[in-house]
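Everything below concerns the one structure shown next.
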Amino acid sequence: QVQLVESGGGLVQAGGSLRLSCAASGRTFSGFSMGWFRQGPGKEREFVAAITWNSGTINYADSVKGRFTIARENARKTVYLQMNSLKPEDTAVYYCAADATMRQLVAGTQVDYWGQGTQVVVSS
């Protein structure tokens with residue numbers, strides 16, 4: 001089992017920045033690809049970013065490319081999402097996810113583990 005706990009959400013003005021963190025516990029963290037998803041009001045959950053166990057491959061959704069950065073520290077069992085130039089449409093609950101395979105993680109289907117989510121609100 002892997003437990004994921006997100007933190008760092010909050011209220012920010014458009015153009016501002018936030019850094020989300022996801023702390024993992026349980027099984028070997030370094031063996032998993034890690035990712036971030038989000039679900040905005042009235043919307044389906046969507047993929048945001050993902051990173052392989054060794055940070056060798058990183059994927060981003062087109063909507064966040066150039067603004068968001070995903071990174072991980074295996075020694076700390078933590079994955080981060082640095083969000084810059086935030087827009088009101090980035091408002092959502094952000095979820096951390098872990099999966100043994102990057103492809104499955106990016107697809108968002110049959111993901112092994114999910115966190116409980118952290119709320120991000122971007123005001124205009």
Side-chain angles (χ1 to χ4, degrees):
Q1 287 288 336
V2 173
Q3 292 79 42
L4 304 174
V5 178
E6 302 95 335
S7 61
L11 173 64
V12 64
Q13 289 188 333
S17 298
L18 281 175
R19 188 176 80 155
L20 305 183
S21 299
C22 172
S25 60
R27 291 181 58 190
T28 305
F29 172 78
S30 60
F32 287 88
S33 291
M34 301 296 297
W36 290 93
F37 290 74
R38 67 186 182 186
Q39 186 167 15
K43 299 180 180 179
E44 294 187 353
R45 186 161 54 190
E46 64 176 359
F47 169 77
V48 175
I51 186 169
T52 52
W53 70 275
N54 62 351
S55 303
T57 299
I58 294 175
N59 288 344
Y60 294 101
D62 288 343
S63 58
V64 306
K65 280 181 182 176
R67 300 188 299 121
F68 291 11
T69 302
I70 189 171
R72 65 189 293 166
E73 288 188 75
N74 288 341
R76 293 179 181 267
K77 295 187 177 182
T78 302
V79 63
Y80 306 97
L81 185 68
Q82 177 67 43
M83 305 185 295
N84 299 328
S85 302
L86 283 161
K87 305 174 182 180
E89 51 263 44
D90 294 318
T91 294
V93 177
Y94 283 73
Y95 297 91
C96 179
D99 198 276
T101 61
M102 183 69 159
R103 179 182 299 179
Q104 194 158 281
L105 181 62
V106 172
T109 58
Q110 297 180 311
V111 172
D112 288 338
Y113 301 102
W114 292 98
Q116 292 299 306
T118 185
Q119 178 74 56
V120 171
V121 177
V122 184
S123 63
S124 57

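Quick caveat: nothing in here was measured; it's all calculated off a predicted structure.
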Determine which pairs satisfy side-chain hydrogen bond (donor to acceptor under 3.5 Å, both in side chains) with at least one residue from residues 83-104, sequence neighbours left out, and list them in order. Ser17-Asn84, Arg38-Asp90, Arg38-Tyr94, Arg67-Asp90, Gln82-Asn84, Asp99-Thr101, Asp99-Gln104
Tell me the salt bridge (Lys or Arg N to Asp or Glu O under 4.0 Å) pairs involving residues 48-66, sequence neighbours left out? Asp62-Lys65
Treating Ile, Leu, Val, Met, Phe, Trp and Tyr as nodes and any side-chain heavy-atom pair under 4.5 angstrom as an edge, say whether Leu86 and Val121 lie in one connected cluster. no
Can you see whether Gln1 engages Tyr113 through a side-chain donor-acceptor pair at a distance of less than 3.5 angstrom? no
Return the minimal non-hydrogen interatomic distance between Val106 and Ala50, and the atom names on each side. CG2-CB, 4.1 Å
What distance do Leu20 atom CG and Ser7 atom OG have between them, rounded to the nearest 0.5 Å? 8.0 Å
Gap separating the CZ atom of Phe29 from the CG atom of Leu4, nearest 0.5 angstrom: 8.5 Å
Tyr80 (side chain) donor-acceptor with Thr69 (main chain) under 3.5 angstrom: no
Does one side chain, of Thr78 or Glu73, offer a donor that lies under 3.5 Å from an acceptor on the other? no
Heavy-atom neighbours of Trp53 CH2 exceed 12 at 6.0 Å: no
Does the side chain of Cys96 come within less than 4.5 Å of Trp36's, by heavy atoms? yes
Any idea which heavy atoms bring Phe47 and Ala61 closest together, and the distance? O-CB, 3.4 Å
If you compare all heavy atoms of Ser123 against all heavy atoms of Leu11, which two are closest, and at what distance to 0.1 Å? CB-CD1, 4.3 Å
Between Met102 and Asn59, is there a side-chain heavy-atom distance shorter than 4.5 Å? yes
Give a yes or no answer on whether the side chain of Asn74 reaches the backbone of Asn54 with a donor-acceptor pair at less than 3.5 Å. no
Minimum heavy-atom distance between Val2 and Ala24, given as atom pair plus value: CG1-CB, 4.3 Å
Quick one: does any side-chain atom of Gln116 pair with a main-chain N or O of Val5 as donor and acceptor, under 3.5 Å? no
Output the distance between atom CD (Glu44) and atom CD (Gln39), rounded to the nearest 0.5 Å. 8.0 Å
For Phe32 and Ala100, which heavy atoms make the closest approach, and how far apart are they? CD2-N, 3.7 Å
Which atoms form the tightest heavy-atom contact between Phe37 and Leu105, and what is the distance? CZ-O, 2.9 Å
Apply the side-chain contact (heavy atoms from CB on, under 4.5 Å) test between Val64 and each candidate in Ile70, Leu81, Val48; give the one that qualifies. Val48
Nearest 0.5 angstrom please: Phe68 CZ to Ser63 OG, how far? 7.5 Å
Between the main-chain N or O of Thr57 and the side-chain N or O of Thr52, is there a donor-acceptor pair closer than 3.5 Å? yes
